Amino acid sequence: MKNPMYEVASLLLEKLLLLANLKLCSVGPGAVEEEEEEKHASYHDITYFKRGDLLEVPRTLFVHFGIYLGDNRVAHLMPDILPAFTDEQRQIQQVVTNKRLILGVLARMASIRVDTVEDFAYGDSILVNHMDEAFPNKALCGEEVARRAEKLVGATAYSLLWNNCEHFVTYCRYGSAVSFQTDKFCETVKMIIRDQRSVLASALLGLASIVCLGLAPSTTLPTIIIPFFLWMGTMSG
């Protein structure tokens with residue numbers, strides 16, 4: 001049976017990752033048009049890509065991953081709510097909007113889809129097989145990697161912590177589903193939670209809200225109880 005404290009921690013970490021994963025973007029006039037122009041103006045020389053290559057696209061805070069299938073096609077896992085409402089491939093295959101992506105994260109739904117290199121990169125630079133240097137397992141042959149990716153194309157469950165785009169590509173290329181960036185984030189949060197000063201600060205803030213601002217205990221008590229239980233849970237792990 002799972003430890004309830006770890007379940008609470010997992011839920012909170014997923015929400016934190018969701019907030020961190022959303023890029024801050026301009027909403028001024030013409031911002032969308034400029035983004036589209038930049039996207040279509042980008043160019044990647046696909047002659048350097050081989051079938052089964054692991055492609056990385058650095059974003060603002062995180063990295064997006066995909067597997068090159070050849071012929072300007074990339075398989076990658078993306079949160080998407082649309083497959084829950086329709087099986088129409090023409091609609092699903094359209095570029096995933098931010099609204100579809102966010103709703104997919106919240107609903108824990110995704111799809112492993114195939115897009116062009118340009119749509120996958122979305123205007124950013126691409127690194128090829130950069131993870132080979134860090135991953136302990138030796139990469140499988142390119143054809144095997146591509147076949148694994150192709151077999152998984154379609155709707156799938158999604159989790160920021162346990163089943164994201166990095167888990168997908170590491171399974172395909174190395175035979176083991178791992179997410180280094182998620183592990184690093186969780187370790188950072190764990191270190192913060194283990195710091196008794198952060199727990200004390202949260203507790204004092206909650207008490208001050210009750211005493212000085214007159215807020216209801218039911219509103220402020222979570223700021224005291226949740227950090228305490230998370231701290232206890234990490235200390236026992």
Side-chain angles (χ1 to χ4, degrees), residues 10 14 17-18 21-23 39 44 46 49-59 61-124 126-132 135 137 139-183 185:
S10 175
E14 290 208 11
L17 277 168
L18 170 60
N21 202 23
L22 299 180
K23 295 176 67 175
K39 171 189 167 185
H44 301 91
I46 63 174
F49 301 156
K50 298 178 181 178
R51 181 169 164 84
D53 279 347
L54 192 158
L55 308 184
E56 299 181 31
V57 179
R59 303 298 190 192
L61 296 173
F62 283 81
V63 179
H64 187 53
F65 297 88
I67 297 295
Y68 187 64
L69 302 179
D71 299 324
N72 196 31
R73 298 175 301 129
V74 181
H76 58 128
L77 187 153
M78 286 195 68
D80 190 3
I81 192 65
L82 194 58
F85 299 100
T86 180
D87 294 327
E88 180 58 45
Q89 290 301 313
R90 182 175 297 180
Q91 296 182 36
I92 294 175
Q93 195 56 34
Q94 294 177 356
V95 176
V96 178
T97 62
N98 286 336
K99 183 181 294 185
R100 282 172 58 181
L101 186 148
I102 294 171
L103 291 176
V105 172
L106 294 175
R108 298 188 176 187
M109 298 192 63
S111 63
I112 297 172
R113 49 186 288 134
V114 178
D115 287 308
T116 64
V117 171
E118 289 73 21
D119 285 341
F120 164 75
Y122 209 76
D124 290 316
I126 294 178
L127 299 176
V128 183
N129 299 330
H130 185 254
M131 194 179 290
D132 286 1
F135 209 91
N137 296 5
L140 302 173
C141 70
E143 185 61 31
E144 174 64 20
V145 174
R147 286 179 180 176
R148 284 183 172 221
E150 289 169 339
K151 287 180 181 179
L152 293 174
V153 169
T156 184
Y158 181 78
S159 170
L160 283 163
L161 292 176
W162 317 122
N163 188 37
N164 59 39
C165 62
E166 190 173 4
H167 291 103
F168 164 65
V169 298
T170 53
Y171 166 76
C172 292
R173 187 165 177 84
Y174 310 107
S176 181
V178 175
S179 175
F180 291 119
Q181 56 187 347
T182 297
D183 292 344
F185 179 85

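These numbers come from a predicted model, not from an experiment. FYI, the numbering just counts along the sequence from 1.
Considering OG1 of Thr170 and CG of Asn137, their distance stands at 9.5 Å, rounded to 0.5 Å. A distance of 12.5 Å separates CZ of Phe65 from CZ of Arg173, quoted to the nearest 0.5 Å. With rounding to the nearest 0.5 angstrom, the CG atom of Leu54 is 5.5 Å from the CE atom of Met131. In this structure, Leu160 CG and Tyr158 OH are separated by 4.0 Å, a value rounded to the nearest 0.5 Å.
Considering only heavy atoms from C-beta on, Gln93 comes within 4.5 Å of Asp115 through its side chain. Side-chain contact between Arg59 and Tyr122 is present, with heavy atoms from C-beta onward closer than 4.5 Å. Under the 4.5 Å side-chain criterion, counting only non-hydrogen atoms from C-beta, Val153 is in contact with Val114. Within the 4.5 Å cutoff, the side chain of Phe168 has no heavy atoms near those of the Thr156 side chain.
Summarising the geometry of Leu140 relative to Gly175, their closest heavy-atom pair is CD1-N, 4.3 Å, with the distance given to 0.1 Å. The two residues Met78 and Val96 come nearest to each other via the heavy atoms CE-CB, 3.9 Å. In terms of heavy-atom proximity, Val145 sits nearest to Gly52 at CG1-O, 3.4 Å.
Under the side-chain contact (heavy atoms from CB on, under 4.5 Å) criterion, Met109 pairs with Ile81, Ala84, Ala107, not counting sequence neighbours. Annotation: salt bridge (charged side-chain N to carboxylate O under 4.0 Å, His left out) contacts of Arg73 (sequence neighbours excluded): none. Listed by chain and residue number, nothing satisfies the salt bridge (charged side-chain N to carboxylate O under 4.0 Å, His left out) test with Asp53 (two or more places apart in sequence, or in another chain).
In this structure, Tyr174 and Phe135 have parallel ring planes: the angle between them is below the 30° cut-off, well short of the 60° mark.
Applying the 6.0 Å contact sphere to CZ of Arg147 captures no more than 12 heavy atoms from other residues, nucleotides or ligands.
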